[in-house]
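Have a look at the structure below, then the notes.
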Amino acid sequence: MRDVAIIGIGMTDFGEMWNDSLRDLFVKASLEAMDDAGVDHIDGLVAGCMSPGLFAGQEHIGSLMADYLGQAPIPGVRVESACASGGMALRTGIAYVASGMHNVVLCGGVEKMTDVSGAQATYALATAADQDYEAFHGVTFPGLYAMMATAHMHKYGTKREDLAQVAVKNHDNGLLNPHAQYRMKITVEQVINSVKVADPLNILDCSPITDGAAAVIICPLEMAKKMKKKPVVKISASTHATDTIALHQRDDITWLKSTAEAAAKAYKMAGVKPEQIDFAEVHDCFTIAEICVLEAMGIVKKGEGGKATREGLTARDGKFPVNPSGGLKSKGHPVGATGIAQIHEIVTQLRGEAGRRQLKRARRALAQNMGGSGGSAVVHILEVL
Amino acid sequence: MITPAIVRRNTPHRYRMEAQKCAACGKVFFPPRLVCTCGSRKFKAYALPSEGKVITHTVIRTAPRGFGDEAPYCMGIVELKDGSRVLCQIADCEPHRLKVGLQVTIEFRKIQEAGESGVIAYGYKAVPER
Amino acid sequence: MAGIVGYGAYIPRYRIKVEEIAKVWGADAPSFKKGLMLREKSVPGPDQDVITISVEAARNAMKRAGVSGAKVGAIYVGSESHPYAVKPTGTAVAEVIGAVNDCHCADLSFACKAGSEGMFLAYGLVKSGEVEYAMGIGSDTSQGAPGDALEYSAAAGGAAFLMGLKNVVAEVECQYSFMSDTPDFWRREYMHYPRHGGRFTGDMAYFKHVRGGVEGILKKAKGKPRDFKYAVFHQPNGKFPMKMAKDLGFSDEQMKTGLLVPTLGNTYSGASPLGLSAILDEAKPGDRILMCSFGSGAGSDAFIFTCTRELPKVQGKAKKTRDYLDTNPFYLDYGTYVKFRRKIRKNVED
């Protein structure tokens, strides 16, 4: 297996992109990534997208994107793992490159979510839950995470304010990210008093409905070293794990087993301990998610995610910054694009190109992208050479 | 998604809470599966008990398509007396009554319908003691 | 002897008070309450209909009977608010109680006496030996047009009776039916709400046919009103059954246990069956019960039951009718009521 590096990144602004279609978004991010890499040809394309069918009435987007990127007849495929589709696109591309099947591969993620009504979007997202035993009963994603929050608060004494602090911290970060959808400062009180969505989660605990795309170009590490255009970012681990997609079938409602499994494998693959990771981009689709992810990744002990957040561990100036991009919460969450947008932020930080939000210590970082209520998790560890 | 075939296919477990028990390791599955996590493919029929307690809960205030008229509604994960778990709505329950440990009984309720003229899907909901 | 081997009731938790409806229509609540002798009515939740109510009543009947659903050879659900115009209610009940596939099923309608019709058929089938057990259910989520007098009373609930020959809790001693073609109350195909003949529904319909049923069965059984511990008649409001009782020679004492309408409302096909289930919850071995339903159009089914020594053994095996009726009701405002009953015109969901 060949080592793989990232040589180009691109992303659109995240938000309500009324003038851009699904393909516009994907192609814009892809062209930016190709320009950044300095390539005008790719050998293959992997598009992560959760539900172009329900959100945009379009399937078969692997070919569509290859064509509109001017790259047909290269192989193009869409991969899907709910909200982890972006991470899965990168992992799939890595398999192509590492195996020697292709050299230069574009891994993109996209979602066009605002062409449908709020109720339709809620329905489309809920298809990532167990259709027959969760969605059938009228549960929503905020509802599933709300049940994780209720259980976490009951079991560990996590406070409502701790949940809110995740949003406050991520909005503080997003304020400095020009691509972010909601660049505004919020307070714990505002979160707690915002509109209720699924108790105990309010609207400011939830990531928004977003249009957007992100793309990265990967190639064999040795090839990247020869290009020497920008600092070379090596992918030192790429892992993936699954769990029951139905929340109620898990022994512990508060434990993200797929994330724990993928993270443990990633540390092993990269040959590092959690303490050796400088920062992380994680899947904070809801405030409670970031708390549970911190625990599952072994950054804090079980039950201490809320406390750690309250004490500032994960702040931009904390010991272990989490979501310097603003996370899904502030940056926006075009579901299929999220996993790649996380990689975009990490590469930007590792290259030292993050401007006002540049972290002091940014040599090695982890990206955790999660599907559904944790039925899938993809973890990548990147380091700058 | 509600279609005649889906409604019919789900009748045994949605109407009668029919589950199954692995003949090898005794693990209970609801809904029934074709293979156990232990690898066995032999199961015995098993009906879930109708009483249990809420182990976690929420109140859905922003509902998906088809549930708007019922919002806000309570939902939870219910641990039945034998330890099996189901996720369902908690009907006839004021949000302030929701708590971990709330005792509930399974009742037969309408869950969804395919529009005004389509088929109606029935199933189980949990109901607290009045 | 054939009779009831298990019975069960179900009443939704929601209620609306007469005052709440009257205030919307500018009506005088005290005079309505006095005139109808009813204070409030039950309302089905948005997730309840005749199928769900029938299922819960049937489950309670099965709990009391303690027999396997597979032995139930016939199920009849009488209602004027079946959720489907075409597609039976009874099949869903059969699936839930495990009576499939070896079972005869039919939905019945005859305005408010559809429930007692099911009891009549179930009784006849077990008595003849055609099937071992048969179930009759009367259940409704009654409709009353907004602003109409019926809106104050049209309620939701149902009761199920499993008939059989073994371990009978209340024997059917006698049965009699009475009918004529009388258009006192009707609902035409495709119409939302029933219509009625106003004052014509009294003497010419309800009183004539209940009297016909009761006098007919007393004659057939060679009995007198004083022979019964309990009597229950169809109860569209509180006034009609009490006036009927007085005219026929039944006392308040005989009527009070089965008279649920003051806080339940008129559950149409479920009305006299629910009254009977409330009586069975209280009755003792040897007690005799006279029941007479009424269905517009018009007719009545009368039964005489004698409670056996088996009855006390099953009374506590399922929730009692009064528990459903009296425990912690949830009162709706008129807005929520019309939302639950889908009377609000909305945009089609996209």
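Predicted, not measured: the structure shown is a model, and the values here were computed from it.
Of all heavy-atom pairs spanning A:Tyr123 and B:Arg65, the tightest one is CE2-NH2, 3.1 Å. Here the shortest heavy-atom pairing between A:Gln249 and B:Arg33 reads OE1-NH2, 3.1 Å. Across all their heavy atoms, B:Ile111 and A:Phe136 have their closest contact at CG2-O, 3.2 Å. Residues B:Thr58 and A:Ala198 share a closest heavy-atom pair of OG1-C, 3.3 Å.
Applying the 6.0 Å contact sphere to NZ of A:Lys265 captures more than 12 heavy atoms from other residues, nucleotides or ligands. Atom CD of B:Glu116 has 12 or fewer neighbouring heavy atoms from other residues, nucleotides or ligands inside a 6.0 Å radius. In this structure, B:Lys110 places its NZ atom where more than 12 heavy-atom neighbours from other residues, nucleotides or ligands lie under 6.0 Å away. For B:Arg97, the CZ atom sits in a packed shell: over 12 heavy atoms of surrounding residues, nucleotides or ligands are nearer than 6.0 Å.
Within the 4.5 angstrom heavy-atom criterion, only side-chain atoms of A:Leu144, from C-beta onward, approach chain B. Proximity to chain B involves both the backbone and the side chain of A:Ala151, based on heavy atoms less than 4.5 angstrom apart. Contact annotation for B:Leu98: neither backbone nor side-chain heavy atoms come within less than 4.5 Å of a heavy atom of chain A. If you measure heavy-atom distances from A:Asp251 to chain B, the contacts under 4.5 Å come from the backbone alone. With a 4.5 Å cut-off on non-hydrogen atoms, A:Ala135 touches chain B through its backbone but not through its side chain. Using a 4.5 Å cut-off between heavy atoms, B:Tyr124 touches chain A through backbone and side chain atoms alike. Proximity to chain B (any heavy atom under 4.5 Å) is shown, for A:Asp132, by both the backbone and the side chain.
Atom NE2 of A:His248 and atom CZ of B:Phe30 lie 7.5 Å apart (nearest 0.5 Å). The CZ atom of B:Arg109 sits 14.0 Å away from atom NE2 of A:His137, with the distance rounded to the nearest 0.5 Å. Considering CE of A:Met147 and CD1 of B:Ile55, their distance stands at 10.0 Å, rounded to 0.5 Å. With rounding to the nearest 0.5 angstrom, the CE atom of B:Met75 is 8.5 Å from the OG1 atom of A:Thr140.
Heavy-atom pairs under 4.5 Å with chain B peak, among A:Thr122, A:Asp199, A:Leu247, at A:Asp199. Counting heavy-atom pairs closer than 4.5 Å to chain A, the top-ranked of the candidates B:Ile77, B:Ile60, B:Val59 is B:Val59. With respect to chain B, the highest number of heavy-atom pairs below 4.5 Å among A:Ala149, A:Gly138, A:Ala126, A:Pro142 belongs to A:Gly138. With respect to chain A, the highest number of heavy-atom pairs below 4.5 Å among B:Val86, B:Asn10, B:Leu87, B:Val100 belongs to B:Leu87.
A tilted orientation is assigned to the rings of A:Tyr133 and B:His13, their planes being inclined by 30° to 60°.
Within the 4.5 Å cutoff, the side chain of B:Arg85 has heavy atoms near those of the A:Ile253 side chain.
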